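Just below is one structure, and these are the notes that go with it.
Within every chain, numbering begins at 1; the chains are lettered A, B, ... in the order of the sequence lines, protein sequences first and strands thereafter. Computation of the quantities below employed the complete heavy-atom set of this structure, encompassing side-chain atoms and omitting hydrogens, waters and symmetry-equivalent molecules. Since the structure is predicted, the reported quantities are computational estimates derived from the model, not experimental observations.
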Amino acid sequence: MKRVSFVLNGKATEVEVEPEKPLLWVLREDLGLTGTKYGCGMAICGCCIVHVDGDAIRSCVTPIVRVEGKRVTTVEGLSNDLSHPVQRAWMELQVPQCGYCQSGQMMSAACLLAQNSKPTDSEIADAMSGNLCRCGTYQRVRQAIHRASEIATGKGARR
Amino acid sequence: MRIVIACCLFVVSAVLYLTAAPVASAPRDDAAAASAFGVAYKVFMHPRCVNCHPTGDSPLRGEDSQPHAGLRLRRGPDGQGVFTLKCTNCHQAQNQQGVHMPPGAPNVLKDGSLDMRNPRWHLPSAKIPMIFQGRTASQLCRQLQDPKQNGGLTTEQLIHHVSTDPLVLWGWNPGEGRSIPPLSHDEFVAKVAEWINNGAACPK
C-alpha cells in the first residue's frame, strides 16, 4: 500500500492504495466519483478520460502513483454549478443518447477547448477521434463543441 | 520487480556505454565501419524502432507498422502529440500487462535517474523528425552522422543515446505480443560503437 496525495477537483486529497491501482478505480471505488466510466480498460475508447495537469489522460491505464502531487479533474469537477461551457452546450443540444461515453467525450472536449478556443471541424475530428460512441452521437458532439466555443468566447446567448 | 529490472538495464547500459565510448586515436577503417553499420541497420529498421521514426506525421504500431486504428494522431511540434491525443495520455512509465495493452517507458530526470512514475513516450520533433522508415542503410547512416538531422548529437552522445535512452531500451522489453530486434541490445550498442570507432563510414 502507498499513500498518494493529489488535488482532486480543487481539493487536497490523499488515498492509501496499491501503487499500481489505476486512477479510474481509485476515483470510483475509493473516492466515490462514479462519473468517470470503465469502457475498454485498454486506453482505446476514451470513457475513462480525466484531466491530469490539464492533459486528457486515460485513467483506466494510469497507475495512481503517476498523479502524486498533480491536479486531477473529473467530469464532476468541470464546475460545481453546471456552468462550464461544455456542460452548458451538452445540455442545450441534448448530446447524450445512452450517455455512457459522455463524461469522456466532455472531458476531451474541455481539454481541446482549453488549448484551442475555436477549433475547426477537422481539429475536432482529430481531437475527438479517441472517444468512441456506440450510439453514434458524433455529429451532436461536434455541434456542441462549436457551441461551447461560442459560449466560452462570450457568444453565449441561448439559441 | 519491474523497477528493479529497469534499473539493472539502465546500469548495465551505462556500463556498456562507458566501455563502448569512441576511441579518438583509433585508425579509420571504412570497410569495418560500413560493415558494422550494416549489421546495426537491421535493428534501426525493426518495427520497435521504425514505428516511432515514421515518414509521416503519425506514429505507427504493430509488427506491420500500421497507423493506430481510428486515432487521428499527430506528431505535434515537440513530438509529444497534440491536444487530447498526447502520447503519454495512454502510454505510462512501464508496459501495461497483456496483449494489445499500451507499452510504456520511464521518463529520465535531470540527474539521469529514471522516473518510474512518469512516462517518456514521444516521436522526434517536427523540426528534426529523424525518419528511419524507408531509409536505405546508406541514407540512414548519413542522417545519423549529421547533427542537423540526428537531433544535434555528437558521436559520443549517439552511443549514449542508444545505450541508455529508456525508449531505445524498451525495444528489448516491449511487452507481451511484440517481437524484439534481431540483435541483442549489447550487440547493437557494440555495432554502433564499432561503426563510430572505425571512422563512421557509411555503406554504399
Note to self: Ignoring hydrogens, what is the shortest heavy-atom contact between B/Arg72 and A/Asp126? Give both atom names and the distance.
What the structure shows: NE-OD1, 2.7 Å

Note to self: Would you compute the distance between atom NZ of B/Lys86 and atom SG of A/Cys111 and round it to the nearest 0.5 angstrom?
What the structure shows: 6.5 Å

Next item on the list: Enter the distance from A/Cys60:SG to B/Gln96:CD here, rounded to the nearest 0.5 Å.
Entry: 8.0 Å

Next item on the list: For side chain to side chain contact (heavy atoms under 4.5 Å, CB included), just list the numbers for A/Glu20 and B/Gln92, CA-CA rounded to whole Å, side-chain angles, deciding distance to a tenth of an Å, and then say yes or no.
Entry: CA-CA 11 Å; A/Glu20 296 302 313; B/Gln92 307 296 325; over 6 Å; no

Checklist line | Point-to-point distance, once rounded to the nearest 0.5 Å, from CZ of B/Arg117 to NZ of A/Lys70 | finding: 9.0 Å

Next item on the list: Would you mind checking which part of A/Ala125 comes under 4.5 Å of any heavy atom in chain B, side chain (CB onward), backbone (N, CA, C, O), both or neither?
Entry: both

Next item on the list: Would you mind checking which part of B/His68 comes under 4.5 Å of any heavy atom in chain A, side chain (CB onward), backbone (N, CA, C, O), both or neither?
Entry: neither

Notebook entry, point to check: Looking at A/Gln115, A/Glu123, A/Met107, which makes the most heavy-atom pairs under 4.5 Å with chain B?
Noted result: A/Gln115

Checklist line | Any B/Phe83 side-chain heavy atom under 4.5 Å of A/Asn116 side chain | finding: yes

Check: If you look at every heavy atom in B/Leu85 and A/Arg58, which pair is closest and at what distance?
Finding: CD2-NH2, 3.8 Å

Item checked: A/Arg140, CZ atom: more than 12 neighbouring heavy atoms under 6.0 Å -> yes

Next item on the list: Measure across B/Gly70 and A/Ser129 and return the closest heavy-atom pair with its distance rounded to 0.1 Å.
Entry: O-CB, 3.6 Å

Note to self: Does any part of the side chain of B/Thr88, heavy atoms only, come nearer than 4.5 Å to the side chain of A/Arg66, both counted from C-beta?
What the structure shows: yes

Check: Counting N and O atoms only, with roles assigned by atom type, does the side chain of B/Thr84 sit under 3.5 Å from a partner on the main chain of A/Leu112, one being a donor and the other an acceptor?
Finding: no

